[in-house]
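For the numbers below, each heavy atom of this structure counts, side chains included, while hydrogens, waters and symmetry mates do not. Order of the sequence lines sets the chain letters (A, B, ...), proteins ahead of strands, with each chain counted from 1. Because the structure is a prediction, the values reported are computed rather than measured.
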There are 2 protein chains.
Amino acid sequence: MATPARRPLADDIAAVLKAEMRDGVHPPGGRLPSEADLCRRFGVSRATVRSAIKELDVLGLVRTQHGVGTFVRRRPAVRDGLERMGSISESIRASGKVPGHEYARRTLRPVLPDEAERMGVPADTEALELRRRITADGEVVAYSYDLIPRGLLPSDYTLDEPNGSVFDYFERRMGVRATLGVARVHAVDSAHIAWGPDAGKHRLFILLDQLHYDTAHRLLAYSRTYFVEGAYEFSLVRTGD
Amino acid sequence: MATPARRPLADDIAAVLKAEMRDGVHPPGGRLPSEADLCRRFGVSRATVRSAIKELDVLGLVRTQHGVGTFVRRRPAVRDGLERMGSISESIRASGKVPGHEYARRTLRPVLPDEAERMGVPADTEALELRRRITADGEVVAYSYDLIPRGLLPSDYTLDEPNGSVFDYFERRMGVRATLGVARVHAVDSAHIAWGPDAGKHRLFILLDQLHYDTAHRLLAYSRTYFVEGAYEFSLVRTGD
DNA sequence: CAGTGGTCTAGACCACGAA
DNA sequence: TCGTGGTCTAGACCACTGT
């Protein structure tokens with residue numbers, strides 16, 4: 001009875017439903033087929049269908065209403081749990097969109113005094129500065145300014161890397177994994193952050209001013225990421241006793 | 001076979017495990033009993049135990065490792081950030097300033113349709129709306145708009161309460177404690193949020209759009225708190241694997 | 001190999017909302 | 001009343017990890 005479980009069946013089903021929502025098969029505000037219908041269509045048990053729907057719910061793509069049905073939400077935004085460390089690309093992919101990275105600058109330069117203080121490194125430390133735009137389905141969702149201490153870079157580093165996700169680059173090229181981030185959150189209203197075709201459109205941002213560490217508490221990067229307000233939805237679970 | 005399903009069994013089990021982690025029965029870094037053990041102990045099926053564990057995983061309290069076990073996460077030493085639930089008054093006091101509350105409005109009204117959807121309550125639910133400013137040493141740090149379902153209020157409620165911290169009010173007058181918050185974070189640029197003498201000065205805010213729950217997952221309040229950018233420092237520790 | 005978590009099934013009962 | 005989603009069970013096979 002049980003099927004091979006390499007890739008969760010529920011994820012496949014969720015992906016199909018995501019695609020259908022994006023393509024207008026299930027328009028915003030519309031009702032998804034009932035769970036029983038989906039069981040028959042995909043030939044799986046109800047538990048599996050429910051797992052898929054729960055995934056869409058957690059991602060904020062649908063809303064379930066007891067005794068009524070499951071409905072497509074009107075506001076399909078990219079969402080991320082702020083308290084969870086993870087690559088921006090990942091969270092874009094998780095919401096059913098295709099992430100993109102456009103690099104505008106890769107420069108080696110000494111860090112500025114206030115950067116050195118925030119990073120806790122000597123004032124003349126050299127670092128790689130990255131300036132890039134992050135997109136979801138071609139739409140700009142964030143502008144990011146990153147600093148990576150030169151000492152961490154591969155010895156054969158050349159200025160044409162990285163090209164995509166910086167998180168992926170850390171893992172693939174440098175063999176380190178960012179597992180801890182210490183961030184400050186700000187609201188920013190400025191015409192001097194955005195660049196490119198949308199420069200005039202984007203003025204309001206959520207700034208994540210963040211230090212990244214690996215498991216050994218070694219500083220990997222200092223990043224200032226300006227998320228375009230409205231394009232990226234931040235959620236946050238706060239706990240007490 | 002099936003049990004009455006008023007309050008999810010999995011939540012109860014998760015609560016027990018949480019309490020045991022807090023009390024040191026399962027110390028940080030330690031291993032939780034296996035799923036099979038927990039099934040026997042609580043007398044439930046494995047699906048239910050797994051649901052409870054998934055809840056702890058989403059909250060970042062445990063980490064599962066295939067073929068090995070489920071482990072209690074080591075909590076970061078810094079716990080003074082956005083991810084921690086607490087009253088605004090408390091954090092103001094913690095920074096050595098004196099918190100103040102100025103109430104501008106207390107009204108009973110039906111919730112609006114989009115509020116009802118966010119809160120997950122019927123469309124015509126009555127709620128107490130609070131509108132207030134929160135100050136630190138007399139300086140305004142936040143404007144807050146809160147909704148409390150009428151059903152939660154004391155039977156002898158009159159419209160001259162609360163007067164200070166809403167968190168304190170919950171505990172003292174209603175005997176409930178907000179221990180879980182689900183928030184969305186936004187940047188807001190608007191001249192229509194602030195009121196009073198500083199209305200013209202404050203345009204840029206960090207909005208915490210937040211649902212508050214007690215330990216039984218009962219909705220206590222829906223609050224939209226606009227923090228004056230620069231007046232309140234938000235930090236945040238983000239963790240991964 | 002044994003024990004762990006990861007996934008899936010088939011069927012059941014309950015609670016809710018609308019007709 | 002009927003169809004919906006919400007919860008739970010008992011059992012199964014798979015994949016991973018350490019011995």
Side-chain angles (χ1 to χ4, degrees), chain A residues 1-17 26 29-58 60-73, chain B residues 1-17 26 29-58 61-73 113 116-117 119-125 151 213 216-219 241:
Chain A
M1 292 297 174
T3 3
R6 194 151 295 168
R7 169 145 153 60
L9 248 184
D11 288 358
D12 288 335
I13 294 171
V16 170
L17 293 176
H26 312 297
R31 217 200 78 179
L32 240 50
S34 75
E35 298 180 353
D37 285 343
L38 293 173
C39 291
R40 280 186 288 271
R41 174 179 164 196
F42 292 104
V44 299
S45 77
R46 201 172 148 220
T48 305
V49 161
R50 278 185 63 74
S51 175
I53 289 177
K54 181 168 189 179
E55 187 175 327
L56 301 179
D57 182 46
V58 168
L61 299 177
V62 302
R63 165 182 55 91
T64 59
Q65 210 174 328
H66 196 163
V68 183
T70 303
F71 299 88
V72 182
R73 280 192 191 269
Chain B
M1 299 292 177
T3 2
R6 195 150 297 171
R7 169 146 152 62
L9 248 183
D11 288 359
D12 288 335
I13 294 172
V16 169
L17 293 175
H26 312 298
R31 218 200 76 180
L32 241 49
S34 76
E35 297 181 353
D37 285 343
L38 293 174
C39 290
R40 280 186 288 272
R41 173 178 164 197
F42 291 106
V44 299
S45 78
R46 200 171 149 222
T48 304
V49 160
R50 279 185 62 73
S51 176
I53 288 177
K54 182 168 189 178
E55 187 176 327
L56 301 178
D57 182 48
V58 168
L61 298 176
V62 303
R63 168 181 53 91
T64 60
Q65 210 175 329
H66 197 165
V68 184
T70 302
F71 299 87
V72 181
R73 281 187 190 269
E117 186 189 331
M119 296 168 76
V121 298
D124 57 347
T125 305
Y213 300 90
H217 286 205
R218 184 173 49 158
L219 178 68
D241 321 306

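- B:L38 has its side chain within reach of B:I53: a pair of non-hydrogen atoms, C-beta onward, lies under 4.5 Å apart.
- At C:dG3, none of the side-chain N or O atoms of B:S34 fall inside 4.0 Å of OP1 or OP2 (strictly under the cut-off).
- Between the CZ atom of B:R50 and the P atom of D:dT7 there is a distance of 17 Å, given to the nearest Å.
- To the nearest 0.5 Å, atoms NZ (B:K54) and OG1 (B:T70) are separated by 13.5 Å.
- Rounded to whole angstrom, the span from the CZ atom of B:R46 across to the C1' atom of D:dA10 amounts to 12 Å.
- Each of D:dT17, D:dC8, D:dG5 was ranked by its minimum atom distance to the side chain of B:V68; first place goes to D:dT17.
- OP1 or OP2 of C:dG6 has at least one side-chain nitrogen or oxygen of B:T64 nearer than 4.0 Å.
- Note: CZ (B:R63) to P (C:dG6) measures 12 Å, nearest angstrom.
- Considering only side-chain atoms of B:L9, the nucleotide from D:dC8, C:dG5, C:dC13 that sits closest is D:dC8.
- Rounded to an integer number of Å, the gap from CD of A:E35 to P of C:dC8 is 16 Å.
- Within 4.0 Å (heavy atoms only), B:T70 reaches sugar-phosphate atoms of the nucleic acid but no base atom.
- In this structure, A:K54 places its NZ atom 14 Å from C1' of D:dC8, rounding to the nearest Å.
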